[in-house]
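Order of listing sets the numbers, starting from 1, for every ligand and every atom in it.
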Amino acid sequence: MPFCDHKCIYCDFYSIITKDNIDNYISSLKREIENYSKQLNGKNIISIFFGGGTPSLLTPNHINEILLFIKSNFNLDTKAEITLETNPGTVDNRKLSEFRDIGINRISIGVQSFNDNDLKFLTRIHNKQTAVDTIKSADKAGFENINIDLIFSIPKQNKDIWEENLELAAALPVKHISAYSLILEKGTILNKMVLDGKIKLKDEDYDASQYEHTIDFLTSHGFEQYEVSNFCKPGFECVHNLSYWEHKNYIGFGPSAHSFVDNKRWWNFSSLKMYMSSVELKDSAVRGSEELTKKELEQEFIMLALRSRGLNLNILKKMYGNEWISVNNNYINKLVEDGFIIWSDNFIKFTKAGYLLCDEILLKFQ
Ligand code: SF4
């Protein structure tokens, strides 16, 4: 759902701030969905994720129209996880209840921070109170499965402010937290501000200390870390995210959406206009595609598994043979010795120290 109220300074997702086209867009979306349903007949759908953009800018009727269309075109598991990304300031009690009534069973709220100065800096439309009210309203509307996104290492956000964020998050009815450090993406307003010397980002040591503290805080407050940046109460892992990390098939609809089915990856035009005219012409809007080699698939499988819940070597062997483990045996043993990895029962998993250095460690595997 590419529609947003405005463009946040740090965001590099494709989004537009006009909402004139919603009805026509939904028609295009339905054509694209129908087209894929013919090609991928028989696949069982275990999760749907309305992401964006700001899907909660749409009405519950709009979302329901799409949901019903998916249900009539695919085999949707009766227990499917159905998430809607929501921004504080775009929903009220009634709208959240209506989203619940149409079958949305997981809500992901773009809080980013509970600190008003942080929120102003990030150019978000909400403040702390709106964020807290949105979480409470979602809870009241019957959403048991609530995620919030939080960002640390925001300029001027000190350790105390981040601590207050974590404390408030843990005190609210939240089952899942995605905690990311502020990342500088090319082409964003923030990137220009940094290049122009108007803003200085936090240094790596500060960032690492905040990340480490986040892990300590959340794991001592009932959350499990099940991916580098994702934490949940037991049983509330995001089915949708796990599918990405477990290399399962997924289909993305809409501008800029990516798909991965049977080892092939493709992506759509990152422009609403081009997306809609392409769907009009050929019922699809594919901008590019690639077929992954066995080696690429293996490396991706390993990287995604290690970044999340760990790598099952029995499964790896069954899918890709024994080569990776033989080639990297010494390096893995060294990582175990140095306390970065736990290796037991044919399963390898990052420790907290490993998660901290995971990108560096992953680069050194052959
Ligand atoms: S609301 Fe989200 S998707 Fe929209 S511009 Fe801001 S960060 Fe990007």
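What you find for L184 and L190 is that their closest heavy atoms are CD1-CG, 3.7 Å. Considering every non-hydrogen atom in both F260 and K248, the closest pair reads CD2-O, 3.5 Å.
If you check which protein heavy atom lies closest to atom 1 (S) of ligand 1, you get N87 ND2, 3.3 Å. Considering only non-hydrogen protein atoms, atom 3 (S) of ligand 1 sits nearest to G53 N, 3.4 Å. The protein heavy-atom contact nearest to atom 6 (Fe) of ligand 1 is C8 SG, 2.4 Å.
If you number the atoms of ligand 1 from 1 as listed, the ones under 4.0 Å from a heavy atom of C4 come out as 1 (S), 3 (S), 4 (Fe), 5 (S). The atoms of ligand 1 that sit less than 4.0 Å from any heavy atom of C11 are 3 (S), 5 (S), 7 (S), 8 (Fe). The atoms of ligand 1 that sit less than 4.0 Å from any heavy atom of Y10 are 7 (S). Shown in contact with R124 at under 4.0 Å from a heavy atom are these atoms of ligand 1, numbered in order with element: 1 (S), 2 (Fe), 6 (Fe), 7 (S).
Two rings, from H176 and Y226, have their centers less than 6.0 Å apart. Taking the six-membered ring for Trp, Y25 and F3 have ring centres closer than 6.0 Å.
A donor-acceptor contact closer than 3.5 angstrom is absent between the side chains of H126 and Q112.
Among the atoms of H6, no N, O or S atom falls under 2.8 Å of atom 6 (Fe) of ligand 1.
Contacts of T54 with ligand 1, taken as heavy-atom pairs under 4.0 Å, involve the side chain alone.
Judged purely by atom type and a 3.5 angstrom limit, N127 uses its side chain to pair as donor or acceptor with the backbone of Q129. Using modelled atom types, no side-chain atom of R124 and backbone atom of C8 make a donor-acceptor pair closer than 3.5 Å.
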